[in-house]
> 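After the structure tokens below, expect a handful of questions from me.
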2 protein chains.
Amino acid sequence: MSNKQIKIRDVAMAAGVSESTVSRVLSGNKRISEKTRQKVMKIVDEMGYRPNAIATSLARNRSNSIGIVIPDSDNEFYSTTFFQEALRGISTVVSDNGYDVLISSGRPDEVTALKELVARCKVDGVILMRSHIKDQSIRFLHESKFPFVLIGTSVEYDDVYSVDNDNFGAAFELTKHILGQNRRNIAFIGGGSNFVYTMERLRGYEKCIESNGAELRKEYVRLDIDTVRKAYEAMSELLQLKRRPDAVIITDDTVCAGIMDSIRQNKLNIPDDIAVASFNDSLYNRLSIPPITSISVNSIELGRKAAETICRILSGDSVDIKNIRVDFRLLARDSTILNRLP
Amino acid sequence: MSNKQIKIRDVAMAAGVSESTVSRVLSGNKRISEKTRQKVMKIVDEMGYRPNAIATSLARNRSNSIGIVIPDSDNEFYSTTFFQEALRGISTVVSDNGYDVLISSGRPDEVTALKELVARCKVDGVILMRSHIKDQSIRFLHESKFPFVLIGTSVEYDDVYSVDNDNFGAAFELTKHILGQNRRNIAFIGGGSNFVYTMERLRGYEKCIESNGAELRKEYVRLDIDTVRKAYEAMSELLQLKRRPDAVIITDDTVCAGIMDSIRQNKLNIPDDIAVASFNDSLYNRLSIPPITSISVNSIELGRKAAETICRILSGDSVDIKNIRVDFRLLARDSTILNRLP
DNA sequence: CTGAAAGCGCTTACAG
DNA sequence: CTGAAAGCGCTTACAG
């Protein structure tokens with residue numbers, strides 16, 4: 001491996017052409033004679049020349065990077081595989097389109113970090129990995145008209161490119177599945193109420209309860225349950241109710257353990273005494289005893305679609321759908337299904 | 001938000017100084033009069049000027065990015081939180097040092113991806129997230145003398161900067177803990193034998209068995225068990241042995257479920273009939289029933305240390321220790337502990 | 001302490 | 001189809 005960075009000038013001299021010509025060959029410019037093209041390519045290959053990406057970026061005025069902000073630590077995000085799966089989906093697609101992924105630790109806070117990325121021309125576009133009800137990041141990107149795609153849903157703007165599951169529909173279907181197992185007293189334990197998906201799932205649950213003539217009981221709904229401890233407590237309280245729930249839906253699978261603990265502590269059986277259903281289909285859901293019914297959200301696909309969209313936007317291609325839906329799957333497991341034959 | 005990118009020239013004009021001066025003020029150059037400094041900073045703040053990172057990079061001949069290659073899909077890596085935790089540690093530290101993290105999907109393969117990062121001057125340094133026994137990536141970076149830090153251990157070179165757990169020691173201690181629980185027939189189920197840590201853990205296990213006068217039985221050791229299915233099969237076979245193991249150590253916690261399944265299928269009790277111990281302390285280990293004894297590897301810290309090291313290297317600071325050890329913790333839980341009082 | 005000029009390694013109108 | 005020149009937005013010897 002030669003130590004010296006080899007430059008376009010070296011290639012030009014070796015090939016006996018101008019730097020412009022080399023540049024044109026490499027960028028696939030059409031009005032170059034086949035002969036010159038071949039000659040140049042030969043030298044390029046021989047010398048192993050690769051254009052300096054930074055110089056290219058400066059000249060072309062585009063970074064060829066897509067920015068992502070790492071979510072805050074300690075929130076539920078990080079114990080889930082959502083982030084890394086989505087990141088994989090993004091990274092693969094984006095790289096096939098000639099972009100890199102630039103990760104910014106969201107310091108000192110997400111909006112500041114985003115402003116820095118934009119102001120310093122570090123990225124051509126941004127993928128936002130989650131949406132709050134009031135979302136400063138969305139607001140900033142939207143107002144500055146900077147290209148971005150949201151994995152999630154914006155409640156403030158309807159002209160934002162986004163990729164999301166149908167959280168309403170998923171919760172609806174999940175609730176329906178449980179009602180179908182002859183449960184009427186279904187509790188709902190939700191994560192942060194500042195997340196759009198939490199509230200969407202709540203809506204789906206409520207709508208389904210209502211439209212099936214079951215009773216919607218306020219005391220069955222608990223929000224902002226975002227730690228295992230809080231989940232344990234919330235569940236314990238639910239189990240004290242005179243009208244004890246016979247099923248529980250958990251929005252945030254990372255706190256499932258608290259739920260399970262509480263149920264066990266109360267010596268109740270799953271699913272006989274109480275059915276349990278969750279979202280995200282984490283390893284924990286799958287491997288739990290009994291396995292927990294869950295909604296699989298297909299994080300990789302969410303990432304892929306978001307990446308495809310931002311790439312299309314940046315290349316000026318038309319994007320047919322502003323709000324892409326990625327299909328979820330309801331995985332019915334023993335935690336909700338009665339009377340399984342052994 | 002003004003649409004036009006504001007440049008150093010604009011600041012210079014507004015402040016009535018030269019571009020050089022503005023540049024010097026911003027880069028903290030000392031030989032600038034306090035007065036000019038203040039004047040310039042005032043304008044900078046007013047205009048909200050932020051230097052174009054790409055132009056700076058080109059002029060300074062450094063990208064201010066640290067490269068990371070996303071591990072291949074489908075391998076055990078991705079179901080673990082190791083990657084995302086390490087990434088968080090890296091990202092935080094690196095950003096405090098003025099660098100960004102550039103993620104490369106390892107396409108078409110990791111070495112090619114690395115070569116691209118290096119050849120195109122996209123990153124100043126690289127953090128490698130794992131180490132194989134024969135590792136082309138390490139070899140490439142080492143031979144090209146490109147700055148990098150390894151999370152793991154190099155078996156080929158001893159002059160590589162690396163950050164790792166003491167995998168030998170951890171396995172030794174874990175094995176000792178189990179021997180201390182009056183088990184003599186300890187099986188070992190390891191992940192990919194091409195990973196350094198797998199083999200280090202195997203060594204620690206073997207050494208401990210031997211030095212405690214227990215019998216080292218070849219049929220107790222299974223390697224390359226990297227899927228839940230393989231784990232299930234391997235465990236089932238182990239349980240068929242005439243001399244059935246009374247304990248099992250699993251190198252790769254993501255396949256634990258297969259082990260547990262097999263044990264359950266065989267109607268054996270944990271820990272009475274067989275003790276189970278694992279590594280990585282995943283959520284699954286923690287929340288399993290019974291909870292599984294595990295080695296916590298502190299992924300965030302691995303990431304942090306690796307980041308600190310690469311930053312020191314790049315800034316020319318001395319790095320005292322070439323091979324940094326991050327402490328592990330043995331978390332003894334019910335899966336290995338007999339006769340717990342209820 | 002400060003400025004004019006050259007340079008970082010590319011790209012791309014412009015002209016031919 | 002090809003080249004010379006200007007430019008992308010900074011930094012940094014060099015000179016004063």
Side-chain angles (χ1 to χ4, degrees), chain A residues 2 4-41 43-44 47-65 98 116-124, chain B residues 2 4-41 43-44 47-65 98 116-124:
Chain A
S2 66
K4 225 51 234 115
Q5 278 300 328
I6 113 135
K7 334 190 159 154
I8 199 171
R9 150 181 284 273
D10 304 317
V11 177
M13 300 194 68
V17 297
S18 72
E19 298 180 22
S20 326
T21 299
V22 176
S23 175
R24 287 195 185 97
V25 169
L26 256 23
S27 68
N29 190 311
K30 40 245 125 218
R31 351 171 259 183
I32 288 281
S33 78
E34 187 52 22
K35 208 160 131 205
T36 338
R37 219 186 57 71
Q38 304 243 336
K39 183 171 58 180
V40 171
M41 282 314 288
I43 303 290
V44 166
M47 306 182 80
Y49 170 67
R50 308 265 41 218
N52 180 318
I54 292 173
T56 303
S57 288
L58 185 58
R60 289 217 178 123
N61 192 26
R62 41 189 303 209
S63 65
N64 279 306
S65 293
E116 183 76 1
L117 289 182
V118 172
R120 305 202 51 194
C121 304
K122 288 186 176 182
V123 299
D124 299 333
Chain B
S2 65
K4 224 53 231 112
Q5 279 300 329
I6 113 136
K7 333 190 161 153
I8 198 169
R9 149 181 284 274
D10 304 318
V11 177
M13 299 195 68
V17 296
S18 72
E19 298 180 23
S20 325
T21 300
V22 176
S23 175
R24 287 195 186 98
V25 168
L26 257 22
S27 68
N29 190 310
K30 41 247 115 224
R31 348 173 263 184
I32 288 281
S33 79
E34 187 51 23
K35 207 161 132 202
T36 337
R37 220 186 56 73
Q38 304 243 340
K39 182 170 61 180
V40 171
M41 281 316 288
I43 303 289
V44 166
M47 305 182 80
Y49 170 67
R50 307 264 42 216
N52 180 318
I54 293 172
T56 304
S57 288
L58 184 58
R60 288 217 178 122
N61 192 27
R62 43 190 301 210
S63 65
N64 278 306
S65 294
E116 184 75 0
L117 289 182
V118 172
R120 304 202 53 196
C121 305
K122 288 185 175 181
V123 299
D124 299 334

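Order of the sequence lines fixes the chain letters, A, B, ..., with proteins taken first and strands second; residue numbering starts at 1 for each chain. What you see below is based on every heavy atom in this structure, not just the backbone, and it leaves out hydrogens, waters and symmetry mates. Predicted model only: the values in this text are computed from it and were never measured.
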> Over how many whole Å does the gap from B/Gln38 atom CD to C/dC1 atom C1' extend?
16 Å
> Please give me the minimum heavy-atom distance between A/Ala14 and A/Ile43, naming the atom from each residue.
CB-CG2, 3.7 Å
> Just to be sure I understand the rule, does B/Ser20 reach a base, reach only the sugar-phosphate, or reach nothing, if contact means heavy atoms closer than 4.0 Å?
base
> Rounded to the nearest Å, what distance is computed from the CD atom of residue B/Glu19 to the C1' atom of nucleotide D/dG9?
8 Å
> Atom CD1 of B/Ile8 and atom P of C/dA5: how far apart are they, to the nearest Å?
17 Å
> Without decimals, in angstroms, what is the distance between B/Leu26 CG and D/dG9 P?
16 Å
> Nearest-Å distance, CD (B/Gln5) to C1' (D/dG7)?
17 Å
> Of all the choices, C/dC1, C/dT12, C/dG3, which nucleotide is nearest to the side chain of B/Arg31 once you look at every atom?
C/dC1
> How close or far is atom P of C/dG9 from atom CG of B/Asn52, stated in whole angstroms?
17 Å
> Quick one: does A/Arg24 reach the base of D/dG3 with a side-chain donor-acceptor pair under 3.5 Å?
yes
> Just wondering, are more than 12 heavy atoms of other shown residues or ligands nearer than 6.0 Å to CE in B/Met13?
no
> Measure the spacing between OG1 of B/Thr36 and CE of B/Met41 and express it to the nearest 0.5 Å.
13.0 Å
> Can you measure B/Lys39 atom NZ to C/dT2 atom C1' for me and round it to whole angstrom units?
10 Å
> For atom C1', what is the distance between C/dG16 and C/dT12, given to the nearest Å?
16 Å
> Report which part of the nucleic acid A/Asn61 touches: base, sugar-phosphate, or nothing (heavy-atom distance under 4.0 Å, all strands).
nothing
> Taking only side-chain nitrogens and oxygens of B/Arg60, does any of them come within less than 4.0 Å of OP1 or OP2 of D/dT12?
yes
> Checking all strands, does B/Thr36 fall into the base, sugar-phosphate, or nothing category for heavy-atom contacts under 4.0 angstrom?
sugar-phosphate
> Taking both distances under 3.5 Å as the test for a Watson-Crick or G-U pair, what stems of at least three pairs does DNA chain C have?
C:1-3 with D:14-16, C:5-12 with D:5-12, C:14-16 with D:1-3
> Measure across B/Pro51 and B/Thr56 and return the closest heavy-atom pair with its distance rounded to 0.1 Å.
CB-OG1, 4.1 Å
> Any side-chain N or O of B/Thr56 less than 4.0 Å from the OP1 or OP2 oxygen of D/dC10?
no
> Nearest whole angstrom, please: distance from the P of D/dT12 to the CD1 of B/Ile32.
13 Å
> Less than 3.5 Å apart, any donor N or O on the side chain of B/Ser18 or B/Thr21 sitting next to an acceptor on the other?
yes
> On the nucleotide C/dT2, are OP1 or OP2 found under 4.0 Å from the side-chain N or O atoms that B/Ser33 carries?
yes
> B/Ser23 side chain to B/Glu19 main-chain N or O, any donor-acceptor pair under 3.5 Å?
no
> Quick check for you: to the nearest 0.5 Å, what is the distance between A/Ile54 atom CD1 and A/Asn64 atom CG?
12.0 Å
> Are any non-hydrogen side-chain atoms of A/Lys7 and A/Asp10 less than 4.5 angstrom apart?
yes
> Starting from the 5' end of DNA chain D, give me the residue, B/Leu58 or A/Thr21, whose nearest nucleotide shows up first.
A/Thr21
> Tell me whether the OP1 or OP2 atom of D/dG9 has a side-chain N or O from B/Tyr49 closer than 4.0 Å.
no
> So if I take every side-chain heavy atom of A/Ala59 and compare against D/dG7, D/dA13, D/dC10, which nucleotide ends up nearest?
D/dG7
> Is A/Ser23 close enough to C/dT11 that one of its side-chain N or O atoms is under 4.0 Å from OP1 or OP2 there?
yes
